[in-house]
Amino acid sequence: MCVHAHPDDESSKGAATMAKYVDAGHDVLVVSCTGGERGDVLNPRLKADAHITRDLAQVRRDEMARAREILGVQHTWLGFVDSGLPEGDPLPPLPEGCFALEPLAVTTEALVREIRRFRPHVLTTYDENGGYPHPDHVMCHDVSMAAFVAAGDPTAFPDAGPAWQPLKVYYNQTFSRARIEAFHEALTALGEESPYAEWLENWSRVDRTVTTRVECSAWFDRRDAALLAHATQVDPDGTWFAVPRDMQRRIWPTEDFELAHSEVPVELPEDDLFAGIRTDQPQLVAVAQEQV
């Protein structure tokens, strides 16, 4: 189960890994906490499109449906309202009724219901900074971690279905400085202009620990196709696609994660989110079942 704040987040964070696991026969569910209703149109070619302006919320739902088909994943909407990205100094208050202002117990119960229905062994989400400090991303972290604990506790949200304990939870760590530097250096070595120079000059993110690198370069085409399906959110001529896929496969063929918690023994570093968990080993699957 991959828990994300908005439609399009699933295609920019761990999408190739999801497609790889789908093709290997795993069930993969993407949970979108909000509908992205307050997002901006980031593709300059579509800014003046009247249909999009009239009903961005429905357009983003349609985009998500196309991305889901491309990746082969299952998908559900958690049903909360996009908080928007506040801008200004001082920052304006968040809009009433938005996801980031919902009581944690409310958002946690909603995700617990999905965990208990789908019964995942692995959960992916964002770190405590949200990957970047969008209020919905931070809330996505908070609700994911609360639900990871509560889902296996039969006394928590007893009306949300029979308890089920996921065995591992990971933070997406796709956007590391090391990865961006590697792409920047590769482009400049070829004498090409790098769009990442300004990124690196203004870099302020704290380096995170990467525990798990999933080799998934064969699925980069699917990842990019899914991201392009979110046409309102991605400039096809922008930095997302500045590095040719062949170069990406050679320089950085993995998607990277940080193991936040595991209920099963692990040996780090890993190359598989399911390391330590195998459905053909009943004693490990039973770990989840014994906790209900």
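All values below were derived from every heavy atom in this structure, side-chain atoms included, with hydrogens, water molecules and symmetry-related copies excluded.
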H121 and W164: ring-ring contact (aromatic ring centres under 6.0 Å, His included), yes or no, with the steps? CA-CA 9 Å; H121 293 92; W164 174 263; 5.5 Å; yes
Hey, could you give me the SG/CG distance between C98 and D82, rounded to the nearest 0.5 Å? 8.5 Å
Any donor and acceptor pair, going by atom type alone, linking the side chain of R113 with main-chain N or O of D159 inside 3.5 Å? yes
Hey, mind stepping through D127 and R208 against salt bridge (Lys or Arg N to Asp or Glu O under 4.0 Å) and telling me if it holds? CA-CA 9 Å; D127 62 41; R208 306 284 305 199; 3.7 Å; yes
Taking a hydrophobic cluster as the set of Ile, Leu, Val, Met, Phe, Trp and Tyr residues connected by side-chain heavy atoms closer than 4.5 Å, whether directly or through intermediates, do I251 and I180 fall within one such cluster? yes
Are the charged groups of R245 and D221 less than 4.0 angstrom apart, N to O? yes
Any side-chain to backbone donor/acceptor pair from E63 onto A231? Under 3.5 Å, distance only. yes
From R54 atom CZ to D49 atom CG, the distance as rounded to the nearest 0.5 Å: 8.5 Å
Student check: side-chain heavy atoms of D271 and T212 closer than 4.5 Å: no
Smallest separation among heavy atoms of L91 and P86, with atom names: CD2-O, 3.5 Å
So does E109 pair up with R116, basic N to acidic O under 4.0 Å? no
side-chain contact (heavy atoms from CB on, under 4.5 Å) for V210 and F257? Distances and angles first, verdict last. CA-CA 6 Å; V210 171; F257 301 85; over 6 Å; no
For L85, what residues pass the side-chain contact (heavy atoms from CB on, under 4.5 Å) criterion, not counting sequence neighbours? H134, P135
Worked check of side-chain contact (heavy atoms from CB on, under 4.5 Å) between V59 and R61: CA-CA 5 Å; V59 168; R61 295 181 79 88; over 6 Å; no
Report the distance from atom CZ of F99 to atom OG of S83, rounding to the nearest 0.5 Å. 7.5 Å
Determine yes or no for a side-chain-to-main-chain donor-acceptor pair under 3.5 angstrom, with E37 supplying the side chain and A57 the backbone. no
Apply side-chain contact (heavy atoms from CB on, under 4.5 Å) to the pair T124 and L273, showing each step before the final yes or no. CA-CA 9 Å; T124 71; L273 300 185; 4.1 Å; yes
What one should report as the nearest heavy-atom pair of V112 and A160 is CG1-CB, 4.1 Å
Within the distance-only criterion (no hydrogens, no angle test), does the side chain of Q173 pair as donor or acceptor with the backbone N or O of T209 below 3.5 angstrom? no
Look at the side chain of N202 and the backbone N and O of W199, then say whether any donor-acceptor pair between them is shorter than 3.5 Å. no
Begin from the C-alpha positions of F118 and D27 and carry the test side-chain contact (heavy atoms from CB on, under 4.5 Å) through to its verdict. CA-CA 9 Å; F118 185 66; D27 291 325; 3.8 Å; yes
Closest non-hydrogen atoms of T174 and G14, given as atom of the first, atom of the second and distance, are OG1-N, 4.1 Å
Would you kindly confirm whether W203 and L187 end up in one hydrophobic cluster when ILVMFWY residues are joined by side chain heavy atoms under 4.5 Å apart? yes
Is the shortest side-chain heavy-atom distance between D272 and Y21 below 4.5 Å? yes
Residues H6 and S32: side-chain donor-acceptor under 3.5 angstrom: no
Look up atom CG in L29 and atom SG in C2, then write down how far apart they are to the nearest 0.5 Å. 8.0 Å
Do H141 and Y171 have their ring centres less than 6.0 Å from each other? yes
Student check: side-chain heavy atoms of I115 and P120 closer than 4.5 Å: yes
Is the backbone of E215 close enough, under 3.5 Å, to the side chain of K20 for a donor and an acceptor to pair up by distance? yes
In terms of side-chain heavy atoms, does T155 have a donor or acceptor partner in D153 at a distance below 3.5 Å? yes
W240 ring center within less than 6.0 Å of F183 ring center: no
Do F241 and D235 come close enough that some side-chain heavy atom pair is under 4.5 Å? no
Ion pair K168/E270, N-O distance below 4.0 Å: yes
Heavy-atom distance under 4.5 Å between the side chains of Q233 and S12, does that happen here? no
Could you tell me which non-hydrogen atom of A226 sits nearest to which non-hydrogen atom of I70, and how far apart they are? N-CG2, 3.8 Å
Below 3.5 Å, can you tabulate the donor-acceptor pairs from side chains in residues 143-151 to any protein atom, sequence neighbours excluded?
{"unit_1": "S144", "atom_1": "OG", "unit_2": "T125", "atom_2": "OG1", "d": "2.8"}
{"unit_1": "S144", "atom_1": "OG", "unit_2": "C140", "atom_2": "O", "d": "2.7"}

Using a 4.5 Å cut-off on heavy atoms from C-beta on, say whether the side chain of E10 contacts that of H230. yes
Without swapping roles, check the side chain of D136 against the backbone of A5 for a donor-acceptor pair under 3.5 Å. no
Shortest non-hydrogen contact from L259 to L268? CD2-CD2, 4.1 Å
If the threshold is 4.0 Å, N to carboxylate O, is there a salt bridge linking R117 and E114? yes
T17 backbone acceptor or donor facing E255 side chain under 3.5 Å: yes
Determine, for R60 against D8, whether the closest basic-nitrogen to carboxylate-oxygen distance falls under 4.0 angstrom. yes
Would a hydrophobic clustering, with Ile, Leu, Val, Met, Phe, Trp and Tyr connected at side-chain separations under 4.5 Å, put V214 with V30? yes
Does V106 share a hydrophobic cluster with L94, counting links as ILVMFWY side-chain heavy atoms below 4.5 Å and allowing steps through other members? no
Check whether NZ of the Lys or CZ of the Arg R223 lies under 6.0 Å from the centre of the six-membered ring of W219 and within 45 degrees of that ring's axis. no
Would you check if R205 and Y132 make a side-chain contact, meaning some heavy-atom pair closer than 4.5 Å? yes
What distance do T232 atom OG1 and I52 atom CD1 have between them, rounded to the nearest 0.5 Å? 6.0 Å
Under the ring-ring contact (aromatic ring centres under 6.0 Å, His included) rule, collect the residues that match up with Y126, sequence neighbours excluded. H4, H137
Is the closest side-chain heavy-atom distance between R38 and P95 below 4.5 Å? yes
Within this structure, what is the OG1-CE distance for the pair T34 and M139, rounded to the nearest 0.5 Å? 11.5 Å
May I ask you to decide whether D23 forms a salt bridge with R222, counting only side-chain N to carboxylate O separations under 4.0 Å? yes
CA sep, side-chain torsions, deciding dist, call: Y196, H184, ring-ring contact (aromatic ring centres under 6.0 Å, His included): CA-CA 6 Å; Y196 303 117; H184 172 71; 7.4 Å; no
Salt bridge D256-R179, side-chain N to carboxylate O under 4.0 Å: no
May I ask whether L227 and L46 are part of the same hydrophobic cluster, defined by side-chain heavy atoms of I, L, V, M, F, W, Y residues being less than 4.5 angstrom apart, directly or through others? no
Considering all heavy atoms, the nearest A16-F220 contact: CB-CD2, 3.9 Å
